[in-house]
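Within every chain, numbering begins at 1; the chains are lettered A, B, ... in the order of the sequence lines, protein sequences first and strands thereafter.
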Amino acid sequence: MSRRLSLSLPTKLDQLERIYEAVDELGESEEWPPGMVYQVKLVLEELGVNIVTHGHGGDPDHEFEIVLDSDADALTIELRDEGRPFNPLTDSPEPDVDSGLDDRPVGGLGIYLVRTMMDELSYRREDNHNILTIVKRKENG
Amino acid sequence: MEISVDRANEVLIAKVEGRIDGANAREFEDALNGAIGEDDSKVLLDFSTLSYISSAGLRVILLIARLLQKRNAAFALCSLSDPIREVFEISGFDKIISIHDSQAEAVDKIGR
């Protein structure tokens, strides 16, 4: 079992649909454990929305790339964009997930969900690109 | 994403169908604000037909929860799928918003 899938997407929010379809298809053919399809969609959506809205400030005339590599043990994701530098490991504040309703910050949750749901994240800036590599192990696989 | 509204035992029940993500969270926010009347003092979001929510949707839930708290209105969620419940648990939202297993249980708790 192993398959690679690459997507090159314009920096527009209406492209999220293509991400969901690709993840559904890959997850099904690679027999990912239950719950993993949802987590991978969420991770790609959170990061994709960040790239579109923050990385490029809503400018739709760029592209970003997603490569999904699924094998028997794990899924490896590579995200590549030419937006402004953003390292999700250090540039996003840790949200306070214990504070009360009134004090709860509205932002920062997306990246926190990404870091919590995935097993490994590494970031590098290369040739004016953000390159984020993510590993999700198939716990039940 | 679609919202259908019902009322039972003075509880406004908004059933959300489909997906809430970064592309339609604003639409979700507007739809909820439109559905909740000024006199509604008990609001329940039924997620039994919600397939997906991410941080963009959580943001809207938080804003609605705050608004209703200011009005001393009750607010609850019910019927979350396992992956959606996980999103709420990781975010710690399960500690600030009451979550019930079924619509009947939620209406029983917050209704009259």
Which atom pair, heavy atoms only, marks the closest approach of [X] to [Y]?
| X | Y | result |
| --- | --- | --- |
| B/S102 | B/C78 | O-CB, 3.7 Å |
| B/A76 | B/I110 | CB-CD1, 4.2 Å |
| A/P60 | A/P10 | O-CB, 4.3 Å |

Hey, which of A/L101, A/L109, A/L13 has the most heavy atom pairs under 4.5 Å with chain B?
-> A/L101
Do [X] and [Y] have side chains that get closer than 4.5 Å, going by heavy atoms?
| X | Y | result |
| --- | --- | --- |
| A/L47 | A/F64 | no |
| B/S79 | B/D101 | no |
| B/L44 | B/V107 | yes |
| B/L67 | B/F75 | no |

With a 4.5 Å cut-off on heavy-atom pairs, point out which of B/I97, B/V87, B/L63, B/L58 contacts chain A the most.
-> B/V87
Cluster question for you: counting only ILVMFWY and a side-chain heavy-atom cut-off of under 4.5 Å, with indirect links fine, are [X] and [Y] together?
| X | Y | result |
| --- | --- | --- |
| A/L5 | A/V23 | yes |
| A/L9 | A/L42 | yes |
| A/V37 | A/V135 | no |
| A/I134 | B/I90 | yes |

Contacts of residues 2-18 of chain B with chain A (heavy atom under 4.5 Å) =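 The list, in residue order, is empty: none.
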Which of residues 30-43 of chain B have a heavy atom under 4.5 Å from any heavy atom of chain A?
->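 Listed by number: none.
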For a quick check, list the donor-acceptor atom pairs closer than 3.5 Å between chain B and chain A, or say none.
from: B/R19; atom 1: NH2; to: A/E17; atom 2: OE1; distance (Å): 2.8
from: B/R19; atom 1: NH2; to: A/E17; atom 2: OE2; distance (Å): 2.9
from: B/D21; atom 1: OD2; to: A/Y20; atom 2: OH; distance (Å): 2.5
from: B/G22; atom 1: N; to: A/E45; atom 2: OE2; distance (Å): 2.8
from: B/Y52; atom 1: OH; to: A/E45; atom 2: OE1; distance (Å): 2.6
from: B/I53; atom 1: N; to: A/Y38; atom 2: OH; distance (Å): 2.7
from: B/I53; atom 1: O; to: A/Y38; atom 2: OH; distance (Å): 2.7
from: B/S54; atom 1: OG; to: A/E45; atom 2: OE1; distance (Å): 2.6
from: B/S54; atom 1: OG; to: A/E45; atom 2: OE2; distance (Å): 3.2
from: B/S55; atom 1: N; to: A/E46; atom 2: OE2; distance (Å): 2.7
from: B/S55; atom 1: OG; to: A/E46; atom 2: OE1; distance (Å): 2.6
from: B/S55; atom 1: OG; to: A/E46; atom 2: OE2; distance (Å): 3.1
from: B/R66; atom 1: NE; to: A/L101; atom 2: O; distance (Å): 3.0
from: B/R66; atom 1: NH2; to: A/L101; atom 2: O; distance (Å): 3.3
from: B/R66; atom 1: NH2; to: A/R104; atom 2: O; distance (Å): 2.2
from: B/E86; atom 1: OE1; to: A/Q39; atom 2: NE2; distance (Å): 3.1
from: B/E86; atom 1: OE2; to: A/Q39; atom 2: NE2; distance (Å): 3.1
from: B/S91; atom 1: O; to: A/R104; atom 2: NH1; distance (Å): 2.9
from: B/K95; atom 1: NZ; to: A/D98; atom 2: OD1; distance (Å): 2.7

Cluster membership besides A/V67, Ile/Leu/Val/Met/Phe/Trp/Tyr side chains within less than 4.5 angstrom, sorted by chain and number, is none
Could you grab the distance from atom CG of A/L44 to atom CD1 of A/I77, nearest 0.5 Å is fine?
->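 So the CG of A/L44 and the CD1 of A/I77 are separated by 4.5 Å.
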What's the spacing between B/L62 CG and B/I96 CD1 if we round to 0.5 Å?
->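 Separation between the atoms: 5.5 Å.
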